[in-house]
Amino acid sequence: MSFDNAYEALTEQNDARWAFGTGFDDPLAGVDTALPPGVDAAVLSGYCLALADDALIASQRLAEWVTRAPELEDEVALANIALDLLGQARLLLARAGRTGEAVRDEDELAYFRDAHEFRNVRLVEQPHGDFAETVARLLVLSSWRLALFTRLTSSEDPVLAAIAAKGAKELAYHRDYAAQWVVRLGDGTAESHRRMRAGFDEVRPFLAELFAVGDVERAATAQGVGADPAAALDEVTAVLEQVCSAATVDAPPIAPATEVSGRVGEHTAHLAPLLAELQGVARAHPEGTW
């Protein structure tokens with residue numbers, strides 16, 4: 001197989017030489033981007049913004065592992081998971097920006113909002129801790145997000161459905177990667193077992209919020225464009241119990257909750273410093289292009 005230039009090689013489909021595939025197809029190609037009948041634009045925009053913020057902040061946290069992961073292979077894996085989440089964030093921010101009351105592009109939404117304007121769940125803004133804590137958080141996040149995205153593939157909004165279909169494939173890989181490390185550490189040495197238990201202890205306080213139904217989720221679900229997070233509780237619990245059983249650690253209990261925090265802009269003190277780093281260049285050079 002020969003190519004006239006590097007770009008032909010990169011865009012060649014089904015080429016097994018590329019470890020992470022050549023999936024450069026636009027997931028929204030041919031998708032009707034018009035607002036579906038009966039769907040409130042503000043509701044759809046707010047719901048997409050919440051899902052986008054979850055992915056954007058989680059991506060930024062995972063990117064902090066670059067040059068710090070225990071092995072090069074895991075550094076590459078975490079970086080690719082971060083890139084997958086960043087890709088989901090971009091598509092969702094674009095959908096949120098185009099359907100909101102005032103049209104805003106994805107860069108404006110990512111770089112020029114303050115912490116209280118972000119709608120991510122608080123789980124994703126927590127410091128990454130050690131590697132065991134990171135894989136505990138990633139297992140929870142990917143299991144929860146996969147359960148939501150699987151349901152969103154039948155969303156009344158064809159754009160959100162297409163984003164979810166692409167994202168679900170990525171999230172299944174993220175969950176598998178995290179699950180393998182949870183089992184390896186939990187069922188490893190006494191020290192790795194201790195750290196794995198400690199990792200789940202750190203994420204436990206932020207689990208209930210994932211399944212709380214706020215105004216955004218309630219309205220989006222009622223209009224057929226969103227998914228009820230509470231309905232995903234049993235599925236996610238079953239996944240955590242299965243993985244933790246193999247890892248010989250106790251699965252973190254998830255208490256039902258009715259109040260949301262991050263979804264209404266109430267965040268922990270960790271978000272503002274994260275945003276300062278994420279947004280620093282864009283805010284210093286607001287007219288910059290590259």
Side-chain angles (χ1 to χ4, degrees), residues 27-28 31-58 84-85 87-101 103-104 106 109 113 117-124 140-172 174-175 206-237 239 254 256-266:
L28 303 183
V31 175
D32 183 1
T33 60
L35 186 69
V39 174
D40 184 88
V43 169
L44 178 60
S45 177
Y47 187 67
C48 288
L49 186 65
L51 295 175
D53 285 349
D54 291 341
L56 179 65
I57 302 303
D84 286 343
L85 291 170
Q88 293 173 20
R90 292 191 62 186
L91 292 169
L92 289 162
L93 285 175
R95 188 56 170 164
R98 291 170 188 157
T99 55
E101 295 178 356
V103 176
R104 306 174 73 180
E106 61 188 80
L109 290 170
R113 285 183 296 150
E117 298 175 282
F118 274 74
R119 294 296 178 261
N120 58 277
V121 292
R122 295 178 301 164
L123 174 72
V124 297
V140 171
L141 175 65
S142 57
S143 299
W144 170 70
R145 198 166 171 88
L146 177 57
L148 289 182
F149 272 42
T150 301
R151 289 163 172 77
L152 289 174
T153 57
S154 58
S155 170
E156 291 293 331
D157 178 33
V159 175
L160 184 53
I163 296 171
K166 178 179 184 295
K169 297 175 184 176
E170 299 167 343
L171 292 161
H174 303 174
R175 187 181 67 174
F206 305 100
L207 298 185
E209 182 185 9
L210 303 180
F211 305 95
V213 183
D215 291 342
V216 171
E217 289 88 354
R218 187 175 295 106
T221 303
Q223 295 189 19
V225 295
D228 181 356
L233 177 59
D234 290 345
E235 179 180 337
V236 175
T237 299
V239 170
I254 306 175
T258 56
E259 295 185 0
V260 294
S261 297
R263 290 286 192 248
V264 293
E266 297 174 358

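By convention here, the first residue in the shown sequence is residue 1. Quick caveat, the model's predicted, so the values are computed rather than measured.
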Asks: Considering all heavy atoms of both residues, which atom of Arg95 and which atom of Pro36 are nearest to each other, and what is their separation?
Replies: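 Heavy-atom minimum between the residues: NH2-CD, 4.3 Å.
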Asks: Compare all side-chain heavy atoms of Asp215 with those of Arg218 and state whether any distance is below 4.5 angstrom.
Replies: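 A side-chain contact exists here, since the closest heavy-atom pair is under 4.5 Å.
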Asks: Please report the interatomic distance OG(Ser45) to CG(Leu109), rounded to the nearest 0.5 Å.
Replies: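 Atom-to-atom, Ser45:OG and Leu109:CG are 7.5 Å apart.
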Asks: Could you go through Thr221 and Val213, starting from their C-alpha distance and side-chain angles, then the distance that decides it, and tell me whether this counts as side chain to side chain contact (heavy atoms under 4.5 Å, CB included)?
Replies: CA-CA 10 Å; Thr221 303; Val213 183; over 6 Å; no
Asks: Please check if the number of heavy atoms outside Arg122 that lie under 6.0 Å from its CZ is greater than 12.
Replies: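 Counting neighbours around CZ of Arg122, more than 12 heavy atoms of other residues, nucleotides or ligands fall under 6.0 Å, so yes.
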Asks: Under a 4.5 Å cut-off applied to non-hydrogen side-chain atoms, are Phe211 and Val236 in contact?
Replies: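 In short, these two side chains touch, coming nearer than 4.5 Å.
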Asks: For residues Phe149 and Gln88, determine if any side-chain heavy atom of one lies less than 4.5 Å from a side-chain heavy atom of the other.
Replies: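 Heavy-atom side-chain distance check passes, below 4.5 Å.
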Asks: Which atom names give the shortest non-hydrogen contact between Pro229 and Leu148, and what distance separates them?
Replies: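 Distance-wise, the nearest heavy atoms are CA-CD2, 3.9 Å.
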Asks: Are any non-hydrogen side-chain atoms of Leu28 and Thr33 less than 4.5 angstrom apart?
Replies: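 No - every pair of side-chain heavy atoms lies 4.5 Å or more apart.
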Asks: Is it the case that the side chain of Tyr47 and the backbone of Ala227 share a donor-acceptor pair, with hydrogens and angles ignored and the cut-off at 3.5 Å?
Replies: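 Side chain of Tyr47 to backbone of Ala227, a donor-acceptor pair under 3.5 Å: yes, one is there.
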Asks: Say you draw a straight line from CG of Leu171 to CG of Asp84; how long is it, rounded to the nearest 0.5 Å?
Replies: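 Going from the CG atom of Leu171 to the CG atom of Asp84 covers 8.0 Å.
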Asks: Decide if atom CD of Glu117 counts as having more than 12 heavy atoms of other residues, nucleotides or ligands within a radius under 6.0 Å.
Replies: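 Yes, because the 6.0 Å sphere around CD of Glu117 holds more than 12 heavy atoms from other groups.
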Asks: Under the 3.5 angstrom rule, does the side chain of Arg119 hit a backbone N or O of Ala52 as a donor-acceptor pair?
Replies: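 Checking the backbone N and O of Ala52 against the side chain of Arg119, no donor-acceptor pair under 3.5 Å is found.
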Asks: If you measure from CG on Leu91 to CD on Glu106, what distance do you get to the nearest 0.5 Å?
Replies: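 Answer rounded to 0.5 Å: 8.0 Å.
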Asks: Which is it for Asp157 and Leu35 under the side chain to side chain contact (heavy atoms under 4.5 Å, CB included) test, yes or no, and what are the steps along the way?
Replies: CA-CA 7 Å; Asp157 178 33; Leu35 186 69; over 6 Å; no
Asks: If we ignore hydrogens and angles and just use 3.5 Å, is the side chain of Glu209 paired with the main-chain N or O of Gly262 as donor and acceptor?
Replies: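 Pair found, side chain donor or acceptor close to backbone of Gly262.
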Asks: Knowing that exactly one of Val31, Leu92, Leu152 qualifies, which makes a side-chain contact (heavy atoms from CB on, under 4.5 Å) with Ile163?
Replies: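 The passing option is Leu92.
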Asks: For Trp144 and Ile254: C-alpha separation, side-chain torsions, deciding distance, then whether side chain to side chain contact (heavy atoms under 4.5 Å, CB included) applies.
Replies: CA-CA 12 Å; Trp144 170 70; Ile254 306 175; over 6 Å; no
Asks: Between Arg175 and Ser142, which heavy-atom pair has the shortest distance, and what is it?
Replies: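 Closest heavy-atom pair between Arg175 and Ser142: CA-OG, 3.2 Å.
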Asks: Is a salt bridge present between Asp54 and Arg263, judged by a nitrogen-to-oxygen distance below 4.0 Å?
Replies: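 Answer for the salt bridge query: yes.
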Asks: Between His174 and Leu146, is there a side-chain heavy-atom distance shorter than 4.5 Å?
Replies: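 The answer is no, as the side chains (C-beta and beyond) never meet within the 4.5 Å cut-off.
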Asks: Looking at Leu85, Val121, Asn120, Leu123, which hits side-chain contact (heavy atoms from CB on, under 4.5 Å) with Ile57?
Replies: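 That would be Asn120.
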Asks: Starting at CG of Leu93, measure out to CZ of Arg98 and round the result to the nearest 0.5 Å.
Replies: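 Here the interatomic distance stands at 10.5 Å.
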Asks: Which atoms form the tightest heavy-atom contact between Val239 and Ser143, and what is the distance?
Replies: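 Residues Val239 and Ser143, closest heavy atoms: CG1-OG, 3.5 Å.
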Asks: Measuring only between side-chain heavy atoms, which start at C-beta, is Leu49 closer than 4.5 Å to Arg113?
Replies: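 The answer is yes; the side chains approach within 4.5 Å.
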Asks: Using a 3.5 Å distance criterion without hydrogens, assess whether the side chain of Ser155 forms a donor-acceptor pair with backbone atoms of Val225.
Replies: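 Indeed, once roles are kept as given, a pair shorter than 3.5 Å links the two residues.
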Asks: To the nearest 0.5 Å, how far apart are OG in Ser154 and CD in Glu156?
Replies: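 Ser154 atom OG to Glu156 atom CD measures 8.0 Å (nearest 0.5 Å).
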